[in-house]
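Everything below concerns the one structure shown next.
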Amino acid sequence: MAPQTAQFGIQGMSCANCSQTITEALEEVDGVSEATVNAATDEGRVEYDPTKTSLTELYETIDDSGYSAVKNSISIEITDMSCANCATTNENALTDVSGVIAADVNYATGEATVEYNPAETTPDRLYDAIETAGYSPVREDDDTERNAAQREEIRRQWRLTLFGAAFSVPLLAFLVETFLFGGGILPETVFGIEFGWVEFLLATPIQLVLGWPFYKNSYNALINNRTANMDVLIALGSSTAYLYSVAVLLELVAGSLYFDTAALILVFITLGNYLEARSKGQAGEALQQLLEMEADTATIVDEDGTEQEIPLEEVAVGDRMKVRPGEKIPTDGVVINGQSAVDESMVTGESVPVEKTVGDEVVGSTINENGVLTVEATNVGSDTALQQIVQTVKEAQSRQPDIQTLADRISAYFVPIVIANAIVWGLAWYLVPELLATVVSALPLWGLVAGGPALVGGSISLFEFAVVVFASAVLIACPCALGLATPAATMVGTSIGARNGVLFKGGDVLERTKDIDTVVFDKTGTLTKGEMELTDVRAVDRTETELVSDGGAMLEDQQRLDEETILRVAASAERGSEHPLAQAIVEKANEQGIEPSEPTGFENVPGHGVRATVDGMAVLVGNRKLMREYGIDPSPIEDALTRLEADGKTAMLVARASSDTTSGELIGIVAVADTIKENARHAVSTLRDRGIEVRMITGDNEQTAHAVAERIGIDPENVRAGVLPEDKADAVNAVQSNDNRAMMVGDGVNDAPALAAAAVGTAIGSGTDVAIEAADVTLMRDDPLDVVKAIRISDGSLQKIKQNLFWALGYNTAMIPLASLGLLQPALAAGAMALSSVSVLTNSLLFRRYTPDHDYKLLGALR
């Protein structure tokens with residue numbers, strides 16, 4: 001294969017060294033013959049051998065180098081896929097387009113998700129690839145267009161079904177008469193026309209109109225795509241019955257007419273397609289209902305107080321919106337005036353309204369319950385929380401669980417095997433009928449079909465019976481149900497999650513979540529509210545040790561300082577920090593009317609505390625480690641620290657240091673307490689009842705960590721304290737070192753490395769920031785009990801997938817032998833095949849009723 005050249009934009013470069021780093025990384029990739037990267041134009045060019053590497057690997061190499069290659073993502077609705085093989089055909093067609101990084105086509109949702117290099121390809125080329133493969137993409141990336149296309153497909157299938165039913169009802173009467181009564185009841189002619197020609201006139205329109213889509217798709221599959229799909233089986237089965245009947249009618253061969261069978265095959269399949277299209281629409285209703293919750297308009301308030309109502313799509317970031325009681329908040333924003341309760345159930349699943357006041361964030365499409373709010377827009381259009389939720393769920397539905405790989409592999413080889421099986425059994429019945437009849441006639445089901453007794457009695461030719469067996473064996477084995485089993489259940493499972501404020505990044509995550517055996521919680525902001533409040537301020541008796549100081553005008557020369565002075569010193573030092581502990585100290589000082597000084601020379605010591613210069617004096621506020629680093633011994637006040645920490649408080653030492661930071665003295669202690677979340681203990685106990693080990697890691701000290709752990713039911717040996725943010729990932733890896741599968745639950749910001757290291761990373765209480773790259777699961781609420789919900793949804797979804805696969809595989813396992821042995825009429829085989837797909841979808845739709853407040857229980861479900 002000839003070498004290929006890829007060109008792409010690269011983000012994050014700032015100098016020639018950056019371009020050199022990327023170039024060297026690309027040149028090390030096996031198959032890359034030349035790589036050039038230009039920092040001035042932010043572009044790269046790579047010549048590579050596509051048999052040794054891929055565009056996907058090149059993108060990953062750039063990402064691993066600390067930069068990012070520009071790529072776009074698009075979702076394309078495909079309206080006329082009929083089986084899992086159609087999805088595979090479209091996926092291959094899209095992957096073959098130059099510039100496509102990855103393509104994933106979901107048969108259940110009728111949607112393709114494509115990542116591509118915008119420098120090499122365009123959406124139009126992707127649409128063209130789908131059309132060349134023989135399918136119909138919706139060219140507009142718009143939900144309105146998608147929904148219209150979906151509704152039109154449902155109407156089209158219904159019109160075809162009615163058309164086929166109108167012509168097939170008389171044929172059904174003929175079939176019933178022959179099947180139940182052996183013929184002779186209905187007249188042999190109608191208006192002087194023989195019944196055989198009447199059947200021909202009724203069956204031919206069905207064959208042409210209902211059969212055309214299957215013939216067209218079969219041609220594309222066989223000729224253009226060199227593969228065989230479900231349409232090939234249907235076209236082959238119905239055409240065999242129809243053409244054989246035409247040959248009999250023209251007296252080219254002897255035998256019976258099967259026009260009724262040929263027509264009913266297409267009618268049953270079309271009816272199944274209609275029911276399938278309806279079921280797919282119902283499975284995706286959860287997302288559509290979310291989108292329908294968006295407000296249509298917004299009331300914008302100008303600087304002079306003038307109000308103007310404008311369409312939602314015209315709202316811009318920074319616009320001020322007035323939201324009256326009962327109205328939907330148009331888009332994400334921040335409250336700048338007013339106070340009210342807001343119903344956020346559509347986003348978080350929480351039914352209790354949340355109080356909002358000035359400075360609070362609000363989510364677009366949530367409902368203002370009572371007071372009037374003025375909201376400044378912060379996110380609009382596709383950046384809103386609602387749109388990101390919908391996009392997250394769509395992406396989750398496009399990423400299938402690993403269990404789907406098995407189904408896809410079976411489906412890919414299934415059609416050729418089925419055709420081969422049908423040919424073998426058709427020839428066997430023609431060549432050695434006596435042997436097969438002797439074996440099969442002993443079966444109890446032999447007498448239930450017309451073919452078997454007729455063959456034994458000699459009234460049906462060997463060739464005719466071989467044709468019947470061939471058509472039945474082809475039609476009964478379509479792998480539609482197998483292809484639908486996983487994506488249909490995944491689609492419903494992810495929608496249930498979205499409805500309950502649990503967002504899975506992909507179907508693979510949905511599958512992994514149920515298998516975790518250890519949950520590792522971060523403490524602050526996850527098990528506790530993270531709303532720190534200063535509870536204690538204590539002054540420390542000063543020693544007689546002389547302290548060399550550069551100032552200290554703030555401190556009076558006294559043996560014991562008062563608590564107000566300690567608070568002022570600590571608040572001044574922490575004024576430059578954004579840490580929750582620091583903010584709690586500053587807020588308490590402000591509440592008491594203490595004006596902190598502006599610190600100079602501020603230095604944050606991660607995991608330890610802060611150092612700052614306050615009024616010319618070096619001040620330290622932090623833990624024991626920080627004090628020891630500056631030569632200050634905290635042991636004289638160890639008893640006081642221990643008592644505070646035993647109460648679950650975080651105690652910080654306040655000290656002043658010498659100018660050379662080699663000595664200093666303690667002057668006080670400040671302690672901050674965090675409130676444990678309401679459902680934290682319930683979440684821990686529920687997880688333990690499920691047999692899941694619960695652990696906690698925190699940067700806080702041992703005493704405080706153990707005090708919190710004891711209150712919520714976590715065993716002391718499962719607590720790791722004093723862990724720095726950058727070390728949390730190592731802590732998670734240590735948990736997983738013994739083949740454990742851990743879920744890390746954190747706030748999604750400081751815990752990003754740990755979230756990425758875990759088998760399942762879960763970001764809790766993300767509010768409007770739903771697109772946390774490091775997390776596999778995003779929980780919209782600040783409730784640790786939603787961790788249990790995520791596991792329950794995963795468990796229920798996998799139960800449903802396994803049940804679907806059981807029925808799909810069981811159906812084929814049972815029916816293929818029956819058809820091969822001549823125990824099924826082709827029309828009955830077609831009806832059974834259509835029913836199998838509908839039953840799998842219906843079974844998945846029943847799962848929509850599930851609420852994850854309790855474990856999913858289903859009689860007969862496979863665990």
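In what follows, residues are counted from 1 in the order of the sequence shown. Just so it is clear, the values below take in all heavy atoms, side chains as well, and ignore hydrogens, waters and symmetry mates.
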Between the main-chain N or O of [Y] and the side-chain N or O of [X], is there a donor-acceptor pair closer than 3.5 Å?
X      : Y      : value
Arg499 : Arg848 : yes
Arg720 : Thr698 : no
Asp522 : Met696 : no
Ser577 : Glu574 : no
Arg792 : Pro852 : yes
Ser340 : Asn370 : yes
Asn368 : Gly371 : yes
Asn740 : Val735 : yes
Thr331 : Gly364 : no
Thr686 : His682 : yes

I would like to know whether Arg575 and Glu598 meet salt bridge (Lys or Arg N to Asp or Glu O under 4.0 Å); could you show each step before the answer?
CA-CA 7 Å; Arg575 191 172 180 178; Glu598 188 67 36; 3.6 Å; yes
Specify the closest pair of heavy atoms between [X] and [Y], including all atoms of both residues, with the distance to one decimal.
X      : Y      : result
Ala640 : Arg538 : CB-NH1, 4.2 Å
Ala489 : Ile801 : CB-CG1, 3.4 Å
Thr535 : Lys649 : OG1-CD, 3.5 Å
Arg781 : Ile764 : O-CG1, 3.4 Å
Gly746 : Leu755 : N-CD2, 3.9 Å
Gly609 : Asn604 : O-OD1, 3.4 Å

Considering only NZ, NE, NH1 and NH2 on the basic side and carboxylate oxygens on the acidic side, decide whether Arg688 and Asp715 come within less than 4.0 Å.
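Here Arg688 pairs with Asp715 in a salt bridge, since their nearest N and O are under 4.0 Å apart.
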Counting only heavy atoms not in Glu678, do more than 12 sit closer than 6.0 Å to its CD atom?
no
Please check if atom CD in Glu710 has more than 12 non-hydrogen atoms from other residues, nucleotides or ligands closer than 6.0 Å.
no
As an exercise, state the distance from [atom1] of [X] to [atom2] of [Y], rounded to the nearest 0.5 Å.
X      : Y      : atom1 : atom2 : value
Tyr59  : Glu115 : OH    : CD    : 9.0 Å
Ile714 : Ser685 : CD1   : OG    : 11.0 Å
Glu376 : Asn337 : CD    : CG    : 12.0 Å
Leu641 : Ile669 : CG    : CD1   : 4.5 Å
Glu355 : Glu369 : CD    : CD    : 10.0 Å
Leu527 : Arg711 : CG    : CZ    : 11.5 Å

Report the C-alpha separation of Arg695 and Glu693 in whole Å, then their side-chain angles, then the decisive distance to 0.1 Å, and conclude whether the salt bridge (Lys or Arg N to Asp or Glu O under 4.0 Å) test is met.
CA-CA 7 Å; Arg695 294 174 174 265; Glu693 185 178 50; 3.3 Å; yes
Decide yes or no on side-chain contact (heavy atoms from CB on, under 4.5 Å) for Leu503 and Val777, but give the supporting numbers first.
CA-CA 6 Å; Leu503 304 181; Val777 181; over 6 Å; no
With a 4.5 Å cut-off on side-chain heavy atoms, are [Y] and [X] touching?
X      : Y      : value
Ile496 : Met491 : no
Arg741 : Arg512 : no
Lys800 : Val492 : no
Asp776 : Met743 : no
Arg624 : Glu638 : yes
Val569 : Val654 : yes
Ile329 : Ile367 : no
Leu510 : Thr513 : no

Whether the Glu702 and His706 side chains hold a donor-acceptor pair (N or O, under 3.5 Å, no angle test) is what I'd like checked.
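Yes - a donor-acceptor pair under 3.5 Å links their side chains.
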Side chains of Thr378 and Asp332: is there a donor and an acceptor less than 3.5 Å apart?
no
Listed partners of Asn679 passing side chain to side chain donor-acceptor pair (under 3.5 Å), at least two apart
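Asn679 satisfies side chain to side chain donor-acceptor pair (under 3.5 Å) with Asp783 only.
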Give the C-alpha distance, both sets of side-chain angles, the deciding distance and a yes or no for side-chain contact (heavy atoms from CB on, under 4.5 Å) between Val787 and Leu779.
CA-CA 8 Å; Val787 172; Leu779 307 179; 3.8 Å; yes
For a side-chain contact (heavy atoms from CB on, under 4.5 Å) check, start with the C-alpha distance between Tyr630 and Arg611, then their side-chain angles and the critical distance, and finish with the verdict.
CA-CA 10 Å; Tyr630 286 90; Arg611 179 184 185 279; 3.2 Å; yes
Decide yes or no on side-chain contact (heavy atoms from CB on, under 4.5 Å) for Val375 and Ile336, but give the supporting numbers first.
CA-CA 6 Å; Val375 178; Ile336 59 175; over 6 Å; no
